[in-house]
Amino acid sequence: MWRRVASLSRRVSSSKSPRLLDQAQVAYEFNAWKMFTTQALNQAEGGASDGRKIPFVTFVLELLLFPVILMLSPQKVNLGTCRRWGFAFSFIGSFGAFQTMKHCKSSLFEAFKLAHEPHKLQRNDFDLIVTGGPGSGKGTQCTRIVETFGFTHLSAGDLLRKEISSNSENGSMILSLIKEGKIVPSEMTVKLIQKAIEERENDRYLIDGFPRSEENRIAYERVIGAEPDMVLFFDCPEEEMVRRVLNRNQGRVDDNIETVKERLKVFAELNLPVIRHYSKKGKLYKIDGTGSEEEIFERVRPVFAALRGRLEIKKLEIRRLSDHSPVWRSKLVFILVSLVFALPLMLTPNVTRT
Ligand SMILES: Nc1ncnc2c1ncn2[C@@H]1O[C@H](COP(=O)(O)OP(=O)(O)OP(=O)(O)O)[C@@H](O)[C@H]1O
Ligand SMILES: O=c1ccn([C@@H]2O[C@H](COP(=O)(O)O)[C@@H](O)[C@H]2O)c(=O)[nH]1
């Protein structure tokens with residue numbers, strides 16, 4: 001499968017104190033091909049899905065242009081001119097599509113799917129799941145990953161809280177489930193995540209605090225059409241998680257001892273099976289979630305550095321839009337090559353239909 005063209009595995013040591021996932025195999029896998037192509041496309045165009053739709057549509061329109069011009073051309077018209085221009089446009093359109101596909105590393109079919117199902121993962125996307133118990137520090141570490149490694153942050157909890165504050169029809173139901181420490185039905189959460197994925201302006205994103213159950217995971221993978229690339233699990237002792245939640249002081253309705261106890265129960269019963277699943281798949285990184293925020297991030301950093309080192313990815317960290325973007329370079333090459341081929345066609349002598 002294309003998502004598995006090249007991968008590498010490594011074991012990462014972790015726990016000192018008793019852990020929720022002691023028996024879990026701690027491994028990670030990284031898809032070299034995917035990361036390379038992610039880098040090749042990068043986020044330079046800001047709005048990957050939209051940016052990729054346009055050349056495909058142009059391609060179809062331009063391919064149609066040639067026969068349409070021929071059909072519409074009256075008998076006595078100078079056919080040579082029409083044909084030359086039609087052919088030149090068709091050629092430019094085909095070459096444009098070829099360039100699009102080259103960058104998507106995809107077939108024409110994938111280019112078509114991309115235009116119509118922007119939430120589905122494409123070869124260039126890199127999705128990271130960040131998981132852990134309540135108060136394990138997921139959100140805190142996600143903020144740092146976003147700042148350092150240029151991921152877009154999609155927090156399932158934040159999306160649900162936004163839904164509550166927007167007074168949507170499901171808002172009150174979501175609020176009561178959060179207050180009780182229970183999991184919101186998959187279809188609601190997946191719908192919000194799907195929308196956020198469609199609206200993202202980056203092909204490298206992380207989902208914080210989701211999937212929380214096997215049902216969540218299956219629903220997500222069905223919608224996305226693939227498994228996530230990598231899963232980070234912040235492993236933290238229960239007493240430390242409780243301490244952090246009770247000290248959070250951000251006015252969250254679920255930051256109280258009754259709810260946190262329920263959340264821990266739900267985590268052990270429903271979330272740990274998801275973590276074990278990804279561990280078996282070789283996608284899991286277990287990070288020791290104890291110590292200061294800085295200490296924990298120093299354990300996260302090598303995960304990304306290892307990827308970069310092994311795969312010779314030089315610029316994984318945030319790149320400015322103005323950096324030497326391969327997309328812009330290829331567009332320039334595309335225009336120049338098209339002109340070289342199209343000019344002789346346009347300049348050939350006229351042939352008039354008799
Ligand atoms: N290493 C740490 N040491 C002490 N406090 C921390 C540490 N990391 C995060 N915190 C604090 O603990 C609280 C919970 O952290 P955070 O919100 O990142 O956890 P979370 O796993 O996202 O929690 P939840 O699942 O409940 O949203 C926050 O107040 C945060 O500032
Ligand atoms: O995928 C999800 C994510 C969250 N919930 C509910 O929201 C709260 C708070 O989530 P945080 O990620 O800790 O902010 C959680 O306890 C669940 O009730 C959910 O149901 N599904």
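For this chain, numbers begin at 1 and follow the sequence in order. Since this is a predicted model, take the numbers as computed values, not measurements. As a basis for the values below, the full set of heavy atoms in this structure was taken, side chains included, without hydrogen atoms, waters or symmetry mates. Both counts, for ligands and for their atoms, begin at 1 and track the order of listing.
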Check the pair Tyr220, Ile207 against side chain to side chain contact (heavy atoms under 4.5 Å, CB included), reporting the backbone distance first and the verdict last.
CA-CA 11 Å; Tyr220 171 71; Ile207 303 185; 3.3 Å; yes
Do the side chains of Glu147 and Arg144 get close enough for a salt bridge, i.e. N-O under 4.0 angstrom?
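Salt bridge flag = no for Arg144 with Glu147.
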Under a 4.5 Å cut-off applied to non-hydrogen side-chain atoms, are Arg222 and Val190 in contact?
no
In a check of ring pair (Phe, Tyr, Trp, His ring centres under 6.0 Å) between Phe149 and each of Phe126, Tyr205, Phe304, which one passes?
Phe304
Using the test salt bridge (charged side-chain N to carboxylate O under 4.0 Å, His left out), find all partners of Lys265 that sit at least two apart in sequence or belong to another chain.
Glu262
By salt bridge (charged side-chain N to carboxylate O under 4.0 Å, His left out), Glu163 pairs with (sequence neighbours left out) none
Take Glu187 and Lys191, measure what salt bridge (Lys or Arg N to Asp or Glu O under 4.0 Å) needs, and give me the verdict at the end.
CA-CA 6 Å; Glu187 65 268 21; Lys191 207 166 134 198; over 6 Å; no
Identify all pairs of nitrogen or oxygen atoms, one from ligand 2 and one from the protein, separated by less than 3.5 Å, and list them with distances.
{"from": "ligand 2", "atom 1": "1 (O)", "to": "Gly209", "atom 2": "O", "distance (Å)": "3.4"}
{"from": "ligand 2", "atom 1": "12 (O)", "to": "Arg212", "atom 2": "NH1", "distance (Å)": "3.0"}
{"from": "ligand 2", "atom 1": "13 (O)", "to": "Arg212", "atom 2": "NH2", "distance (Å)": "3.3"}
{"from": "ligand 2", "atom 1": "13 (O)", "to": "Arg252", "atom 2": "NH2", "distance (Å)": "3.3"}
{"from": "ligand 2", "atom 1": "13 (O)", "to": "Arg263", "atom 2": "NH2", "distance (Å)": "2.7"}
{"from": "ligand 2", "atom 1": "14 (O)", "to": "Arg161", "atom 2": "NH1", "distance (Å)": "3.1"}
{"from": "ligand 2", "atom 1": "14 (O)", "to": "Arg161", "atom 2": "NH2", "distance (Å)": "2.8"}
{"from": "ligand 2", "atom 1": "14 (O)", "to": "Arg252", "atom 2": "NH1", "distance (Å)": "3.4"}
{"from": "ligand 2", "atom 1": "14 (O)", "to": "Arg252", "atom 2": "NH2", "distance (Å)": "3.3"}
{"from": "ligand 2", "atom 1": "16 (O)", "to": "Arg263", "atom 2": "NE", "distance (Å)": "3.0"}
{"from": "ligand 2", "atom 1": "18 (O)", "to": "Lys182", "atom 2": "O", "distance (Å)": "2.6"}
{"from": "ligand 2", "atom 1": "20 (O)", "to": "Val184", "atom 2": "N", "distance (Å)": "2.7"}

Taking all non-hydrogen atoms of both residues, which atom of Gly132 and which atom of Lys138 are closest, and how far apart?
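Shortest heavy-atom separation between Gly132 and Lys138 comes out as O-NZ, 3.2 Å.
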Can you list every protein residue that has a heavy atom under 4.0 Å from any atom of ligand 1, sorted by chain and residue number?
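Answer by chain and number: Gly133, Pro134, Gly135, Ser136, Gly137, Lys138, Gly139, Thr140, Arg244, Arg248, Arg252, Arg263, Gly291, Ser292, Glu293, Ile296.
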Assess whether side chain to side chain contact (heavy atoms under 4.5 Å, CB included) is satisfied between Ile183 and Glu215, documenting all intermediate values.
CA-CA 11 Å; Ile183 295 180; Glu215 198 204 329; over 6 Å; no
